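Below, each value reflects all heavy atoms present in this structure, side chains not excepted, and no hydrogens, waters or symmetry copies. Treat the numbers as computed from the prediction; the structure is a model and nothing was measured.
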Amino acid sequence: QLQLVESGGGLVQAGGSLTLSCEASERTFSNYDVAWFRQAPEKEREFVAAMQGTGSSTTYADSVKGRFTIFRDNLRVFLHMKSLKPEDTAVYYCAATVSPTSLARHSWKYWGQGTQVTVSS
């Protein structure tokens, strides 16, 4: 059973940067597609960014394009966030699965516990 552990969250001022990390428990992690989601208080969990397991194709939500970058190595996936806005405040989750059928939340099998990002104005 793949396990994912996020880290790197915290408090940052608007306009600042932060890089989240998600470490996997299996050496076969590179075979998984990976993604970041976020959930703000009283809102649904929403897709942020995804990266394929094979190749380097990435996909971003419109709200973060040009500001967030997803990248990975063999055992970790990262989310570099710049030009942060107060509306980016949320709990950020990494997710992984093999060949997801879509970017929707239900397509992702493995989830981390989340890390809080708070952007102050």
Taking salt bridge (Lys or Arg N to Asp or Glu O under 4.0 Å) as the test, write out the residues that go with E46, two or more places apart. R38

Identify, with sequence neighbours excluded, every residue that meets salt bridge (Lys or Arg N to Asp or Glu O under 4.0 Å) alongside R67. D88

Pairwise distance [atom1]([X]) to [atom2]([Y]) - rounded to 0.5 angstrom:
| X | Y | atom1 | atom2 | value |
| --- | --- | --- | --- | --- |
| I70 | Q52 | CD1 | CD | 11.0 Å |
| F29 | Q3 | CZ | CD | 12.5 Å |
| L75 | T28 | CG | OG1 | 9.0 Å |
| F68 | S17 | CZ | OG | 9.5 Å |
| Y92 | M81 | OH | CE | 5.5 Å |
| R76 | S30 | CZ | OG | 14.0 Å |

Partner residues of Q39 under the side chain to side chain donor-acceptor pair (under 3.5 Å) criterion, sequence neighbours left out: R45

For D62, which residues count as a side chain to side chain donor-acceptor pair (under 3.5 Å) partner, sequence neighbours excluded? K65

Just so I know, are the side chains of L20 and E6 near enough to count as touching, which here means a heavy-atom distance under 4.5 Å? no

Residues, nucleotides or ligands: over 12 heavy atoms within 6.0 Å of E87 CD: yes

Run D33 and S99 through side chain to side chain contact (heavy atoms under 4.5 Å, CB included) and show every step you take. CA-CA 6 Å; D33 286 28; S99 301; 5.6 Å; no

Extract all donor-acceptor atom pairs below 3.5 Å that involve side chains of residues 114-121 and protein atoms in other chains or at least two apart in sequence.
unit_1, atom_1, unit_2, atom_2, d
T115, OG1, G9, N, 3.2
Q116, NE2, A90, O, 3.4
Q116, NE2, T118, OG1, 3.3

Taking all non-hydrogen atoms of both residues, which atom of Y32 and which atom of L2 are closest, and how far apart? CE2-CD2, 3.9 Å

Work out which heavy atom in S107 is nearest to a heavy atom in T97; give both atom names and the distance. O-CG2, 3.5 Å

When the ring planes of F78 and F71 are compared, do they come out parallel, tilted or perpendicular, using 30° and 60° as the limits? parallel

Let's go through R72 and V34 carefully: what are the C-alpha distance in whole Å and the side-chain angles of both, what is the deciding distance for side chain to side chain contact (heavy atoms under 4.5 Å, CB included) to 0.1 Å, and is it a yes or a no? CA-CA 9 Å; R72 66 189 301 176; V34 293; 3.7 Å; yes

Under 4.5 Å between side-chain heavy atoms, hopping through other hydrophobics if needed: is there a path connecting V98 to L4? yes

Using the rule side-chain contact (heavy atoms from CB on, under 4.5 Å), only one of L18, T89, V64 pairs with L84; which is it? L18

Check which hydrophobic residues are tied to F37 through side-chain heavy-atom contacts below 4.5 Å, counting indirect links as well, and list them. F47, V91, Y93, L103, W108, W111

